[in-house]
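Naming: A, B, ... by sequence-line order, numbering from 1 per chain.
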Amino acid sequence: MHDAVREQATTIIARIPEGRVTTYGTIAKMTEGATARSIGALLRLLPKGHTLPWHRVVAAGGRLAHHEGALEQRELLSAEGVIFDARGRIPERFFWP
DNA sequence: TCGTTGACGCTAA
DNA sequence: TTTAGCGCCAACG
């Protein structure tokens, strides 16, 4: 992934409003030359002290991707008012854009 | 350079 | 609704 693509992706993630979420696929579509998988790779390698709202990036269908920080992610989202339904999915009204 | 791994997505069955 | 299969891309040894 080129630096320009990475910068564009991080910019998009930084623009996600509080209390809203977006998906890997959505970011990939908005970023030229990126795919859902490349976005995942990008977030995985984020520096320790970054200010990016990574917790607002979820898997397709509003499901929560299974990774180490999933629990923390769920807490952060809940703190912002994001609701999980009975099946552990985020309703579409929380999606951004 | 090659094979493996993993914060994924989409489609078919 | 759940699984499997395939495509996809970056990092790493």
Side-chain angles (χ1 to χ4, degrees):
Chain A
M1 176 180 257
H2 287 311
D3 293 336
V5 179
R6 185 177 56 192
E7 180 179 343
Q8 190 176 359
T10 54
T11 299
I12 292 174
I13 298 175
R15 285 202 178 105
I16 305 174
E18 184 177 315
R20 309 292 294 283
V21 298
T22 193
T23 68
Y24 291 94
T26 300
I27 297 175
K29 285 176 194 169
M30 291 189 288
T31 308
E32 195 68 26
T35 65
R37 211 153 176 78
S38 66
I39 301 300
L42 169 65
L43 291 186
R44 179 169 61 93
L45 297 198
L46 277 179
K48 200 175 181 182
H50 66 86
T51 58
L52 224 56
W54 60 271
H55 55 280
R56 293 174 195 155
V57 182
V58 299
R63 285 184 300 274
L64 211 53
H66 21 269
H67 59 95
E68 301 294 326
L71 276 194
E72 180 186 359
Q73 182 175 20
R74 186 176 56 77
E75 288 187 12
L76 289 171
L77 289 177
S78 297
E80 293 183 355
V82 176
I83 301 303
F84 292 81
D85 65 12
R87 289 189 297 265
R89 300 175 47 200
I90 300 174
E92 231 184 275
R93 55 185 159 86
F94 290 105
F95 285 18
W96 179 87

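Distance from the side chain of R44(A) is smallest to dA7(B) among dC8(B), dA7(B), dC10(B).
When all heavy atoms of I90(A) and F95(A) are compared, the closest pair comes out as O-CE1, 3.6 Å. Across all their heavy atoms, H50(A) and L52(A) have their closest contact at ND1-N, 3.1 Å. Taking both residues in full, the closest heavy atoms of A36(A) and A28(A) are given as N-CB, 3.5 Å, listed atom of the first, atom of the second, then distance.
Nucleotide dG6(B) holds its C1' atom 11 Å from the CG atom of L45(A), rounded to whole Å. Atoms CD (E72(A)) and C1' (dA7(B)) sit 13 Å apart, rounded to a whole Å. When the C1' atom of dA7(B) is taken as reference, atom CZ of R74(A) falls 17 Å away, rounded to whole Å. Rounding to whole angstrom units, CG of residue L52(A) and P of dA7(B) are separated by 18 Å. Protein atom CD of E68(A) is 14 Å distant from nucleotide atom C1' of dT5(B), rounded to whole Å.
At least one side-chain heavy atom of L64(A) sits less than 4.5 Å from a side-chain heavy atom of F84(A).
Placement of W96(A) and I13(A) within a single hydrophobic cluster is found when ILVMFWY residues are connected by side-chain heavy-atom separations under 4.5 Å, directly or transitively. Residues V82(A) and V57(A) do not share a hydrophobic cluster, defined by chaining ILVMFWY side chains whose heavy atoms lie under 4.5 Å apart.
A heavy atom lying under 4.0 Å from DNA chain B marks the following residues of residues 58-66 of chain A, by number: A59(A), A60(A), A65(A), H66(A).
For residues 56-73 of chain A, the pairs satisfying salt bridge (charged side-chain N to carboxylate O under 4.0 Å, His left out) are R56(A)-E80(A), with sequence neighbours left out.
Note on I39(A): nothing from the nucleic acid sits closer than 4.0 angstrom, heavy atoms only.
A donor-acceptor contact shorter than 3.5 Å links the side chain of T31(A) to the backbone of I27(A).
You can see that DNA chain C meets the heavy atoms of chain A within a 4.0 Å-exclusive cut from dC8(C) to dA11(C), reading 5' to 3'.
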